[in-house]
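The sequence lines fix the lettering, A, B, ..., with proteins before strands; numbering per chain opens at 1. As the structure is a computational prediction, the values presented were derived from the model and not from experiment.
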2 protein chains.
Amino acid sequence: MTEAPARGRGARSRDAILDTAGELMARHGYAATSISMISAACGLPVSSLYWHFGSKDGIYVAVLERAQTTLLAALPPAEVPGRDLDERLEAFLTEVGDAFQRHQPSVRLLLGLGMVQQDATAAAVAEVRHYRDALMQWARDALSCVFGLRERPEVADELARFTLRMASGTAVARWFDAGAALETGPLRVALRALAAHHGVAVRGAPE
Amino acid sequence: MTEAPARGRGARSRDAILDTAGELMARHGYAATSISMISAACGLPVSSLYWHFGSKDGIYVAVLERAQTTLLAALPPAEVPGRDLDERLEAFLTEVGDAFQRHQPSVRLLLGLGMVQQDATAAAVAEVRHYRDALMQWARDALSCVFGLRERPEVADELARFTLRMASGTAVARWFDAGAALETGPLRVALRALAAHHGVAVRGAPE
DNA sequence: GTCTATATATAGATAGAC
DNA sequence: GTCTATCTATATATAGAC
């Protein structure tokens, strides 16, 4: 969206800046991360940061943009494999749990916007909204595939919302208790029960 | 913990400072809220803020402390009323949903610490940990009462964790979509299913 | 594209009169 | 306890040589 990601000398600097900025912002938050901190951490002078991104907010937007791209690109296809519901549900939960585990910094970064949303640029907010929408749609599609909900979009919607909120809540828990993982076991039971509650055929009781 | 809350001239100022500081910090986050902003918003000079709280961090701790006290005091007794499981579960969910709705700023404030945790004082972190622990214990006790889990503490634990994570996730959702409420309907279905999954007697199928 | 040097504003915090 | 005035550090951002 901003520029091609892989080129000569300047592009490497660009990436280095985004790497360290992302790491620092994920750890300290946007407001608490200063340009000088980023400069010191990545070795390039402040003026270079401004040459590349124009402003602190520009860096922020670029960081979010990249985190979003990375995270969305890593999502598996919404066509969850598996011949029956149980296999697909298992595959879905494994994928979600893994992605959640692998992309901790991105998740943190994107969640963190909440605390600065009021001050953030329209561009930054839009970036995160887009990310959120894309994630939601993916979850909806994947769950629709898992439970066969092509005719019941509102159910797919509820299940997706449920799943994402549980994931967000777990991310929050991780702020206090590093190492908190997405509990896919209870989530599986809950999703099955919710589907069944809406009259979706769920071969075999949850227990 | 810091001083008596209701006295003459100075105490009113103290409260005014905490009110506006809490509001600003809940909206912008800790780092993005400056002493001068608070001073301007509440009318008292910066030196008064320092006289009362010593430092910006002191204000933060006091704000968290008060938010915690308020929130915990508002929690209903863990002895959830109701003659059968369904009545108690309903009462529990209503209470949680209401508290969640009523105390939005406190929740936001306490969640927000996550983003500054790395830099925050030990005192601030301890404050939030204590809050979190108290909330968790309350949920555990209440759910234990709802489902009759005195002999199954690990199940009560799982249900409480599940509930709190869902609540946290919903708080996050509210950052993007104001007006997002705790969906007690799906939560009820999920909790019943989880209890049943662990062999707890849950008279009547969830649907 | 990267560097040194710097402009300008505001941050957190204090001094001391009242 | 509250005020005005101020110290010092650091923030974002720019200028201009290389």
Among the candidates [options], find the nucleotide nearest to the side-chain atoms of [X].
{"X": "B/Val46", "options": "D/dT2, D/dA5, C/dC3", "result": "D/dA5"}
{"X": "A/Ser34", "options": "C/dT2, C/dA13, D/dT12", "result": "D/dT12"}
{"X": "A/Trp51", "options": "D/dC3, C/dG1, C/dA11", "result": "C/dG1"}
{"X": "A/Ser55", "options": "D/dG1, D/dA13, D/dT12", "result": "D/dA13"}
{"X": "B/Lys56", "options": "D/dT12, D/dT2, C/dA13", "result": "C/dA13"}

Rounded distance (nearest 0.5 Å) linking atom CD of A/Gln137 with atom CG of A/Leu72: 11.0 Å

Nearest-0.5 Å distance that lies between atom CE in A/Met37 and atom OG1 in A/Thr20: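 These two atoms lie 9.5 Å from each other.
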
Parallel, tilted or perpendicular: ring planes of B/Phe162 versus A/Phe162, cut at 30 and 60 degrees: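 B/Phe162 and A/Phe162: tilted rings.
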
Cation-pi, A/Tyr50 ring and A/Lys56 (6.0 angstrom, 45 degrees):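 Not flagged: A/Lys56 not positioned over aromatic ring of A/Tyr50.
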
Take the protein atom [atom1] of [X] and the nucleotide atom [atom2] of [N], then report the distance between them rounded to whole Å.
{"X": "A/His52", "N": "D/dA13", "atom1": "NE2", "atom2": "P", "result": "16 Å"}
{"X": "A/Ile35", "N": "C/dA11", "atom1": "CD1", "atom2": "P", "result": "16 Å"}
{"X": "B/Tyr60", "N": "C/dG12", "atom1": "OH", "atom2": "P", "result": "14 Å"}
{"X": "B/Arg12", "N": "D/dT2", "atom1": "CZ", "atom2": "P", "result": "11 Å"}
{"X": "B/Met25", "N": "C/dA11", "atom1": "CE", "atom2": "P", "result": "13 Å"}
{"X": "B/Leu49", "N": "C/dA13", "atom1": "CG", "atom2": "P", "result": "11 Å"}
{"X": "B/Ile38", "N": "C/dT10", "atom1": "CD1", "atom2": "P", "result": "17 Å"}

Which residue lies more 5' along DNA chain D, comparing B/Pro45 with A/Met37 via nearest heavy atoms: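 It is B/Pro45, whose closest nucleotide lies nearer the 5' terminus.
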
Sugar-phosphate, base or nothing in reach of B/Thr33, heavy atoms under 4.0 Å: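 Sugar-phosphate, backbone atoms only, no base.
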
Sugar-phosphate only, base, or nothing, as touched by B/Ser47 at under 4.0 Å among non-hydrogen atoms: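 Touches a base.
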
A/Glu127 bridged to A/Arg129 by N-O distance under 4.0 Å: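 No, no charged N to carboxylate O under 4.0 Å.
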
Measuring to OP1 and OP2 of [N], would you say a side-chain N or O of [X] lies under 4.0 angstrom away?
{"X": "A/Tyr50", "N": "D/dA13", "result": "yes"}
{"X": "B/Ser13", "N": "D/dT2", "result": "yes"}
{"X": "A/Ser36", "N": "D/dA11", "result": "yes"}

